[in-house]
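Okay, so here's the structure we're looking at.
To find a chain, count down the sequence lines: A is the first, B the second, and so on, and within it residues start at 1. The figures here come from the full heavy-atom set of this structure, side chains too, leaving out hydrogens, waters and symmetry mates.
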Amino acid sequence: MPLFDEENDQIIQRRKNLQAITELGFEAYPHKFDRTHTVSEIVHHYADRGGQRPAEELEKVNQELNGIKVRLAGRIMTSRLMGKAGFIHLSDGASRLQAYVRSNDVPVREWQLFKLLDLGDIVGVEGWLFITRTGELSVHVRGLSFLAKALLPMPEKYHGLQDVESRHRQRYLDLIANPSSREVFVKRAAIIREVRSFFDDRGYIEVETPMLSPIASGAAARPFKTHHNALDIDLFARVAPELYLKRLVVGGFEKVYELNRNFRNEGLSARHNPEFTMLEFYQAYSDYEQLMELTEELITGVVERVHGSLKLSYAGVSVDFTPPWKRVTMIKAVLDALLDQDDSKDLKERALVEVLAAEDPQFVSSFSPKEIVDLFDHFVEPRLIDPTFITGFPTEVSPLSKQSETNPGIVHRFELFICGLECANAFCELNDPAEQERRFKEQMDQRGRGVEEVVVMDEDYVRALGYGLPPTAGEGIGIDRLTMIITGQANIRDVILFPHMRPESK
RNA sequence: GGGCCGUUAGCUCAGGUGGUAGAGCAACUGGCUUUUAACCAGUGGGUCGCAGGUUCGAGUCCUGCACGGCUCACCA
């Protein structure tokens, strides 16, 4: 099986061109090229010299630029050959700069080389800067080096690579052809950098806890299973670092965070990738209300720095991050949504009866906890566009959270929703080992009844609580989803460089 | 997993009701020494996702399969 399609005329032609290039005496794949600048450095530094100008003015600008000698390298993105001279655009990934090659300004061998170049090839140029008649900053080339061959043809130069499947499977090609795709990942890196410095600056310690563990607990999710040969035991890819991080708080790391991957063996969708990046942080002597303040500060800071404004547009809907953010209890949000609903009369009537009573902290709804959560997911979640904290989660769906002092059916927990996406989950950590053990057992009973997604019993964690966990609040923030919102991407696969897909069939 | 939609040249896309497969970019040949979605003239390039079926005849109609997109369910 040949590596590339040997019958494709364009690939055959590119091989021939490479052959001819080596016959001219150029190395096919040379080892290095010393640059004086990157393309981006030149473009940024001299961008203001470009633009249309009267002839005399242009000459003056060029007199200055002609003195600037540069050696640059990049991928050929466009090419316009006109007899005995030609233009190419070189890209360093981030920026493009035009190069002008004229036959009588380069050695004959290099002019021969120029004519054998294909779109996508990597070359080096040496020359001086100038502005063309049409006002574009360019390099006037006096030396041309061949650096690497693109044997495969490039995507269409104007429309780029559109096919969604190819863009995900061949991300390298997507990045070459679609600058907007590159932008997303540059912003993603900026988001992660901002998050790290936020916690570093506030004295949190960054830690790494096991990705492989004999027990996959800390979240209600199905894990990936693998096997350790030497120990001859099954291990699971973690579904959350939560229980390890709280062990560290027991151990005296009063403020910890971890920013890394979680793995969940569940369905794929526009909002779910089997591995996803999660920030989790814990701080002793705090409660979940303090975390709401902190979360506002963190996310508004990240949005402002990375996006440049607290207002943005996501899927055509405008979102405003200006604090303070709304805080609504789950039951209140559900009842309000039900009253807005026309097509569910029975639910509406029940909601009507309860809506006033829901203001009472002791209030117990006639809706079961499971029902409330289902109604919330269905009616409320998609409507939460501006950042909104939802509080008042049922204890039943929060096996690691501390109960409210006044209403044991409710826990001190919030989730943050933005653009209909669940972006954060935080709570006061349950630190009573006896109650924690009871909750784990409840979860295991559910598993016994066939529910696969439960928070599994971790006895060592209960033992750790036995040594005393200070009152602690903790939070998880989905970095992929935050990135989706900040970069305006509707699909999680567009913020993950190599999203999981079915293997290509041959 | 269910429903709907898609898969045509290297890329981006056209191809009413079935009748020999098209364009632009890219490639090739020639021309052009400041062009820029360069331009002008010419040329080649297709198992129409795969496998069956209906038909004199299938890119087009039917069935199955593969891959993808949207969506519902589960989940963050």
Which residues share a salt bridge (Lys or Arg N to Asp or Glu O under 4.0 Å) with A:Asp494, sequence neighbours left out: A:Arg167
Residues in salt bridge (Lys or Arg N to Asp or Glu O under 4.0 Å) contact with A:Glu258, at least two apart in sequence or another chain: A:Arg238
Applying side chain to side chain contact (heavy atoms under 4.5 Å, CB included), name anything that partners [X], two or more places apart in sequence or on another chain.
X: A:His44; result: A:Ser40, A:Ser95
X: A:Val61; result: A:Arg49, A:Arg53, A:Leu65, A:Ile131
X: A:Pro179; result: none
X: A:Glu136; result: A:His89, A:Gln98, A:Thr132, A:Ser138

If the cut-off is 4.0 Å, is [X] near the phosphate of [N], judged by side-chain N/O to OP1 or OP2?
X: A:Arg502; N: B:C67; answer: yes
X: A:Arg493; N: B:G69; answer: yes
X: A:Asn491; N: B:C70; answer: yes
X: A:Arg222; N: B:C74; answer: no
X: A:Arg169; N: B:G68; answer: yes
X: A:Gln13; N: B:A27; answer: no
X: A:Asn425; N: B:A76; answer: no

Please state the [atom1] separation for the pair [N] and [M] - nearest whole angstrom.
N: B:C13; M: B:G69; atom1: P; answer: 16 Å
N: B:G57; M: B:G19; atom1: P; answer: 14 Å
N: B:U60; M: B:A41; atom1: P; answer: 36 Å
N: B:C48; M: B:A73; atom1: P; answer: 40 Å
N: B:G6; M: B:C62; atom1: P; answer: 11 Å
N: B:A9; M: B:A23; atom1: P; answer: 14 Å
N: B:A26; M: B:G10; atom1: C1'; answer: 7 Å
N: B:U34; M: B:A14; atom1: C1'; answer: 37 Å

Heavy atoms from C-beta onward define the side chain here; which of [options] lies closest to that of [X]?
X: A:Leu119; options: B:C70, B:U35, B:A27; answer: B:A27
X: A:Met82; options: B:G68, B:C74, B:U35; answer: B:U35
X: A:Asn8; options: B:G10, B:U34, B:C67; answer: B:G10

Specify the separation, in whole Å, of atom [atom1] of [X] and atom [atom2] of [N].
X: A:Glu156; N: B:G10; atom1: CD; atom2: C1'; answer: 11 Å
X: A:Phe130; N: B:U34; atom1: CZ; atom2: P; answer: 10 Å
X: A:His159; N: B:G10; atom1: NE2; atom2: P; answer: 18 Å
X: A:Ile390; N: B:A76; atom1: CD1; atom2: C1'; answer: 16 Å
X: A:Lys115; N: B:C32; atom1: NZ; atom2: P; answer: 10 Å
X: A:Met501; N: B:A66; atom1: CE; atom2: C1'; answer: 13 Å
X: A:His378; N: B:U71; atom1: NE2; atom2: C1'; answer: 12 Å
X: A:Glu475; N: B:A76; atom1: CD; atom2: C1'; answer: 13 Å

Earlier contact from the 5' end, RNA chain B, for A:Arg481 and A:Thr78: A:Thr78
Contact nearer the 5' end of RNA chain B, comparing A:Glu275 with A:Gln162: A:Gln162
Qualifying residues under ring-ring contact (aromatic ring centres under 6.0 Å, His included), relative to A:Phe198, sequence neighbours excluded: none
Parallel, tilted or perpendicular: ring planes of A:Phe321 versus A:Trp325, cut at 30 and 60 degrees: perpendicular
Any A:Val239 side-chain heavy atom under 4.5 Å of A:Asn262 side chain: no
Ion pair check, A:Glu64 and A:Lys60, cut-off under 4.0 Å: no
Side-chain donor/acceptor contact of A:Arg133 with base of B:U34 under 3.5 Å: no
Give none if [N] has no partner; otherwise give the nucleotide forming a Watson-Crick or G-U wobble pair with it, both distances under 3.5 Å.
N: B:A23; value: B:U12
N: B:G6; value: B:C67
N: B:G46; value: none
N: B:U17; value: none

Strand contacts (RNA chain B) in residues 83-114 of chain A, 4.0 angstrom heavy-atom criterion: A:Gly83, A:Lys84, A:Ala85, A:Phe87, A:His89, A:Gln98, A:Tyr100, A:Arg102, A:Ser103, A:Asn104
Backbone of A:Gln489 reached by a side-chain donor or acceptor of A:Tyr314 within 3.5 Å: yes
When all nucleic acid strands are considered with a 4.0 Å heavy-atom cut-off, which category describes [X]: base, sugar-phosphate, or nothing?
X: A:Met278; answer: nothing
X: A:Asn262; answer: nothing
X: A:Asp374; answer: nothing
X: A:Leu81; answer: base
X: A:Glu452; answer: nothing

Below 3.5 Å between N/O atoms, which protein atoms pair up with nucleotides 42-46 of chain B? Just atom names and distances, please.
residue	atom	partner	partner atom	Å
B:G44	N2	A:Asp9	OD2	2.7

Evaluation steps, salt bridge (charged side-chain N to carboxylate O under 4.0 Å, His left out), between A:Asp105 and A:Arg142: CA-CA 5 Å; A:Asp105 291 328; A:Arg142 66 167 181 206; over 6 Å; no
Close aromatic pair by centroid cut-off 6.0 Å: A:Tyr100 and A:Phe87: yes
